[in-house]
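Everything numeric in this text was worked out from a predicted model, so none of it was measured. Residue numbers start at 1 and run along the sequence shown.
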Amino acid sequence: MTAVRIGAVAKATGCTPRALRHYEEHGLIASARAANGYREYDDVVVTRVRNIRHLLDAGLTLDDVRAFLPCLDGDVASAPPSAAGLRVGRERLAVLDARIAAQVAVRDRLAAALQAATTPPAAPPPTPGSLR
């Protein structure tokens, strides 16, 4: 394994160094410190970061990604799904569906309020005998 600096990992994965430090803070990747204080990663971290990005792009959170730690160094995108991975995905989908439903309800209330605010009031119905 070769030691790779944070800038090289960022360039190879399309991540920012800040994102890499964030993944490290969450225990998803690890680095060692060189004598000069720079972070150094094993070159296998590039695969791990690509897999993390793949899972995040699919809609999972960093906490969700933790469930995939045992397989982050392999080919997550083409590996057969595990029962745990499917469970995490279904749970995240349920959370997203609930958030979408709540946002649609808010949107509908706002649309109704705007419609009511911009629609002129209807003329009162004629009273009997007022047509003369």
Side-chain angles (χ1 to χ4, degrees):
M1 290 186 208
T2 307
V4 183
R5 286 195 184 160
I6 195 168
V9 176
K11 185 175 180 179
T13 61
C15 276
T16 63
R18 183 175 181 208
L20 295 171
R21 288 189 295 273
H22 189 67
Y23 300 160
E24 194 170 341
E25 288 170 10
H26 281 81
L28 298 174
I29 61 175
S31 69
R33 293 291 182 158
N36 59 7
Y38 290 162
R39 280 181 167 86
E40 289 185 338
Y41 299 91
D42 289 334
D43 57 356
V44 296
V45 80
V46 170
T47 298
R48 180 173 279 244
V49 170
R50 286 180 179 151
N51 283 326
I52 292 168
R53 300 294 304 167
H54 173 74
L55 294 169
L56 293 174
D57 289 346
L60 299 180
T61 65
L62 286 179
D63 287 335
D64 296 335
V65 170
R66 240 185 230 98
F68 295 87
L69 277 174
C71 56
L72 286 178
D73 295 331
D75 188 0
V76 170
S78 64
S82 68
L86 291 171
R87 179 186 47 76
V88 168
R90 287 184 181 116
E91 289 171 1
R92 180 58 43 206
L93 184 60
V95 167
L96 291 172
D97 285 343
R99 287 181 184 167
I100 290 168
Q103 289 296 304
V104 168
V106 168
R107 183 223 173 268
D108 291 347
R109 287 193 302 272
L110 179 58
L114 287 170
Q115 181 65 32
T118 59
T119 303
T127 56
S130 64
L131 295 176
R132 297 183 199 173

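Considering all non-hydrogen atoms of both residues, Asp73 and Thr47 come closest at O-CG2, 3.6 Å. Summarising the geometry of Ser31 relative to Arg39, their closest heavy-atom pair is OG-CG, 3.6 Å, with the distance given to 0.1 Å. Of all heavy-atom pairs spanning Val9 and Thr13, the tightest one is O-OG1, 2.7 Å. Heavy-atom minimum distance, Val76 versus Cys71: CG2-O, 3.3 Å. Considering all non-hydrogen atoms of both residues, Ala67 and Val88 come closest at CB-CG2, 3.7 Å.
With Asp42 contributing its side chain and Val44 its backbone, the two residues share no donor-acceptor pair below 3.5 Å. Judged purely by atom type and a 3.5 angstrom limit, Arg50 uses its side chain to pair as donor or acceptor with the backbone of Ala12.
Here CG of Leu56 is found 5.0 Å from OH of Tyr23. Values are rounded to the nearest 0.5 Å. A distance of 8.0 Å separates CD1 of Ile100 from CG of Leu93, quoted to the nearest 0.5 Å. In this structure, the separation between NE2 on His22 and CZ on Arg18 is 8.5 Å, given to the nearest 0.5 Å. For the atom pair Ile29 CD1 and Ile6 CD1, the distance stands at 7.0 Å (nearest 0.5 Å). Taking OG1 of Thr2 as the start and CG of Asp43 as the end, the distance is 4.5 Å to the nearest 0.5 Å. Going from atom CD1 of Ile52 over to atom CG of Asp57 covers 12.0 Å, rounded to the nearest 0.5 Å.
Using a 4.5 Å heavy-atom threshold, the side chains of Tyr41 and Leu20 count as touching. At a threshold of 4.5 Å between non-hydrogen side-chain atoms, the residues Phe68 and Leu60 count as touching.
One hydrophobic cluster holds both Leu69 and Val45 under the rule that ILVMFWY side chains link at heavy-atom gaps under 4.5 Å.
For residues 84-98, the pairs satisfying side chain to side chain donor-acceptor pair (under 3.5 Å) are Asp64-Arg92, Arg87-Glu91, with sequence neighbours left out.
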